Amino acid sequence: MIWYPYVQMKTMETPYRIVDAEGVYLRTPDRQLIDSVSSWWSVIHGYKHPALDQAIRDQLGRFAHVMLGGLTHDAAERLSDKLQSWLPGDLDYCFFSDSGSVGVEVALKMALQFYINRGEPQRTMVFALEHAYHGDTFRTMEIGDDEDYHFILKARGQPGDVVHIPTEIEALEQAFARWHDRLNCLIVEPLLQGAGGMRMYDVSFLRRARELCDRYDVLLVFDEVATGMGRTGNRFVADLVLPDIIVLGKALTGGYIGHAATVASRRVYEGFYDDDPTHALMHGPTFMGNALACSVALRSIELFEREDYMAKIGRIEAILRREMAGFADPRVREVRIMGACLCIEVYDEATLRGYQSFAYERGVFSRPFLRYLYTMPPYVIGESELVRIVDTMKAWFAR
Ligand SMILES: *Cc1c(COP(=O)(O)O)cnc(C)c1O
């Protein structure tokens, strides 16, 4: 039987059974629901998109998958070329993996080994943000027993080597002043912290982070698994402030197949590129560069460019702002909007209890968590459907 995510199986409510999905709609046996969360923020073009379906069919006519160990293929090459030209600056060196969590692990491994290769193994420390979310994995290297693969683990330092910093410039400056000589990277979800509660913060924090990283020779890593591909109203937040490493996932494949890319700058890449085999990056997920995933990701990016998705996202943001203008309720702590993301934060999570079935009855699929009621709709959503999502939220508070 299926063991479902993030839930007590004993008390969980029966999940809705989806028998078909098209555009922004999920179909259960008796209803059609507007998907207000885009399957964990990934299905940006909607379901059953003809061009994406076709990209997979075309690739399937050749092969579904071959490994990237000692082999290569057009789909992976074309996607890495595309990302190289599409991403800002010299974020040109693309390491594929099969999920966002692994993509983040790869970024952290790169940052640590970058300094080991340079003869600075004392730089084991990582700065992250308070309320950060970067994935759900741990320990696979720890229980592994193969020096060739996992020498990096010994170099990693202690768990106490992670310091969490609030999104306040002063705190960031103090942390850098105190620990910079032991630090290898600062990793952030830039501008929008998703799973930590759709928390939004100002770009000035990132600008200062970039300056401090430059001053102290520390790598800046953007986990854009959630924010990439337009969600914040920027194509990538990296368009505003350039990181040394960016991680993409979720919407990378249009939500079709799990895949991620950890893309490094020239400087990072050159920290590994020499005649010493021990300076190589020892990582290689079985399904990295999966041909179906790469084909659909490439088509997704082409659609994103050709059909001016940034304009669609701008329109979504304008509608969200218009529809939420004047909304107030004593149970609501804050309403936050950025790009194609709206979050209503309440004081007490009990306020949201029952919302999911309330929305279901009104033809909307929603999945609030903790104190956060939010939508991150597919970018192809029509105005009337988007208004329906917001109206359903407002109706909950109007009862
Ligand atoms: C979802 C998410 C991840 C993890 O991605 P998975 O594909 O679920 O492993 C990492 N970072 C951020 C910011 C995310 O939102």
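Indexing begins at 1, ligand by ligand and atom by atom, following the structure's order. Just so it is clear, the structure is predicted and the values come from calculations on it, not from any experiment.
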Neighbouring protein residues of ligand 1 - any heavy atom closer than 4.0 Å
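Ligand 1 pocket, heavy atoms under 4.0 Å: W41, S99, G100, S101, Y133, H134, G135, E189, D223, V225, A226, K250.
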Between CZ on residue F96 and CG on residue L248, distance to nearest 0.5 Å:
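Output value for this atom pair is 10.0 Å.
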If you take all heavy atoms of T392 and F358, which pair is closest and at what distance?
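Residues T392 and F358, closest heavy atoms: O-CE2, 3.4 Å.
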Measuring only between side-chain heavy atoms, which start at C-beta, is R336 closer than 4.5 Å to Y372?
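Side chain of R336 against side chain of Y372, heavy atoms only: contact under 4.5 Å found.
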Close side-chain approach of H45 to S300, heavy-atom, < 4.5 Å
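Yes, side chains in contact.
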Anything under 30° is parallel, anything over 60° is perpendicular, the rest tilted; go ahead and classify Y269 against Y93.
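Y269 vs Y93 ring planes: parallel.
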As a test of understanding, state which of L240, L172, V237 forms a side-chain contact (heavy atoms from CB on, under 4.5 Å) with L206.
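Only one option passes, and that is V237.
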